[in-house]
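One-based numbering along the sequence shown. Whatever order the structure lists them in is the order used to number ligands and atoms, beginning at 1.
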Amino acid sequence: MSIAGILDRAARIAPNAVAIAHGPRALHTYAALKARSEAIAGFLKNRLNLAAGERVALLMKNAPEYVEVMFGIWKAGLVAVPMNAKLHPREIAYMLEHSGTTAAFVTVDLAGALNEAGRSVPGLKSIIDVASSEYSDALKCEAVEGRWAALPEDLCWLFYTSGTTGRPKGAMITHRNILAMSASYFIDIDTIAPGDSILHAAPMSHGSGLYIFPHVLGLATQIIPESGGFDPLEILELAKVHQRLSLFAAPTMVHRLVNHPAIGDLDLSGLKTIIYGGAPMLVEDVKRALDVLGPRLAQLYGQGEAPMCITGLAKRFYADRWNPRWEALIGSAGFPQAVVDCAVMDADDRPLQAGEMGEICARGESVFAGYWQNEEASAAALRNGWLHTGDVGVMDKDGFLTLLDRSKDLIISGGSNIYPREVEEVLLKHEAVSEVSVVGRPHAEWGEEVVAFVVARPGSNPTAAELDALCQNHVARFKRPKAYRFLAELPKSSYGKTLKRELRDMLAEETSRDTAVN
Ligand code: AMP
């Protein structure tokens with residue numbers, strides 16, 4: 001089955017259900033969404049003459065057209081290349097060229113960036129602005145049904161990784177990967193029923209876009225907020241209109257929602273589930289979120305190479321405060337999902353025992369098919385039949401997985417491993433601390449030493465001495481930060497992940513300044 005088929009199914013079973021809403025307004029039914037995507041497929045196939053398997057980019061902010069363009073691409077047997085709206089034109093140019101993209105859909109705010117990038121990419125022949133008359137004309141093209149235009153093993157989505165190290169790589173996601181991931185959502189994470197809705201407050205080119213599919217299968221409504229992004233008050237207003245509203249949020253978004261000054265006075269009854277993921281959420285943050293939002297949290301752990309589907313934790317586990325291991329569980333990334341095997345391996349790819357620390361590996365239906373035109377990286381990531389995630393973790397004897405840190409964030413001081421997350425969990429217990437991130441700084445004698453970056457709560461002023469006293473009570477001496485830096489905010493990526501690399505760069509700059517002065 002191709003992913004295009006799930007839209008046909010929804011249009012057959014629930015033709016009049018609302019498929020797309022823009023803010024509070026219902027926009028298209030499932031029957032209309034199907035017709036619009038089939039016209040786009042006709043445009044791509046018969047007007048632009050694209051052949052099966054060609055790549056089509058979406059350089060779009062969250063917009064109501066996102067979903068119909070994606071299904072149009074698949075109904076024409078093509079491959080979608082969604083791109084983050086906040087990328088630099090040079091990064092866009094690289095991805096367009098590397099993927100061999102021939103056509104791109106763009107929202108007006110990004111047309112400039114794409115034109116700038118596109119000029120240097122000779123293969124890019126068509127750029128279609130979704131607000132233009134060309135797009136309205138495309139919607140009048142003769143429909144191409146295309147429900148069988150692709151096979152389950154065909155490439156569906158080229159998912160460019162964030163590229164924190166080196167050039168971004170295009171993870172090849174197949175139709176089968178997306179279908180398996182969607183089925184697993186129902187099995188492991190949450191129910192979805194007609195009348196439910198999913199709000200896209202995070203980028204649809206990434207995390208939030210993946211939630212389209214289980215919600216089409218569940219005959220729910222996709223809501224694109226008028227702001228196009230994350231606005232806590234808008235979310236709660238929309239939850240009043242649409243009811244049973246779910247959303248995907250990076251931990252930093254959950255943090256902003258929970259700490260919104262008006263949150264205590266607002267009606268949360270229309271909010272069904274907030275699924276968080278993409279970065280770890282520290283235990284104290286999870287507890288605060290549960291206190292403020294009620295038992296509405298669920299979690300997913302995945303990566304571009306196994307989208308949304310390695311482990312997860314459903315809402316009932318967060319609600320189960322009587323469980324003697326509740327704190328350990330809500331601090332974990334949950335249980336392996338139904339469609340994958342998950343194991344913690346040593347450096348020689350031997351599975352470790354429960355409680356032993358190693359690299360998290362996964363295999364199964366949601367694991368990608370390799371990197372686009374990069375055999376070396378594909379072979380390394382998929383060696384011995386397992387996806388090597390680069391994440392370090394521990395599988396508990398009770399079967400849940402706790403993520404420690406990316407291996408490159410590990411601090412080694414005097415030959416001992418220090419997992420930043422362990423120190424971060426302690427510092428966040430201080431009531432004046434809003435956010436914290438711990439990194440290593442090169443040290444002549446010890447190799448590395450621990451430095452903590454701290455963001456204070458508004459109106460508070462935690463001191464290094466207080467924080468050190470807290471650490472003295474909770475962690476081994478060698479893990480205690482040797483220096484504290486207080487910042488107004490932590491540097492974050494456009495997906496809301498803390499950029500530890502930038503924190504390390506800040507420390508390196510300090511060191512080179514000091515060396516220059518001495
Ligand atoms: P990306 O490929 O950009 O989606 O990033 C995936 C990475 O985000 C993973 O390899 C993890 O390091 C991190 N991540 C994703 N989900 C979680 C989670 N639930 N808890 C902790 N880290 C996560």
With Asp409, which of Arg504, Lys497, Arg421 fulfils salt bridge (charged side-chain N to carboxylate O under 4.0 Å, His left out)?
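Output: one option passes, namely Arg504.
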Aromatic ring pairing [X]/[Y], orientation class (parallel under 30°, perpendicular over 60°, tilted between):
| X | Y | answer |
| --- | --- | --- |
| Phe317 | Phe335 | tilted |
| Tyr94 | His98 | parallel |
| Tyr484 | Phe486 | parallel |

Could you tell me, atom by atom, which parts of ligand 1 come under 4.0 Å of a heavy atom of [X]?
| X | value |
| --- | --- |
| Leu403 | 21 (C), 22 (N) |
| Leu300 | 16 (N), 18 (C), 19 (N) |
| Pro280 | 20 (N), 21 (C), 22 (N) |
| Gln299 | 18 (C), 19 (N), 20 (N) |
| Gly304 | 1 (P), 2 (O), 4 (O) |

For ligand 1, find out whether one of its N or O atoms is nearer than 3.5 Å to an N or O atom of Tyr276.
no
Close N or O approach (Glu305, ligand 1; < 3.5 Å)
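No, no N or O pair falls under 3.5 Å.
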Is the backbone of [Y] close enough, under 3.5 Å, to the side chain of [X] for a donor and an acceptor to pair up by distance?
| X | Y | answer |
| --- | --- | --- |
| Glu424 | Leu282 | no |
| Lys315 | Lys272 | yes |
| Asp346 | Arg350 | yes |

Nearest heavy atom to atom 10 (O) of ligand 1: which of Asn84, Asp409, Thr161, Asp391 does it belong to?
Asp391
Filtering Pro307, Ala250, Ala279 for the heavy atom nearest atom 22 (N) of ligand 1 leaves Ala279
Run the contact test for [X] against ligand 1 with a 4.0 Å cut-off on heavy atoms, strictly below, and give the result.
| X | answer |
| --- | --- |
| Ala333 | no |
| Met281 | no |
| Ala171 | no |

Answer with yes or no whether the side chains of Ser227 and Glu234 bring together a donor and an acceptor at under 3.5 Å.
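Looking only at side-chain atoms, Ser227 and Glu234 do form a donor-acceptor pair, the distance falling under 3.5 Å.
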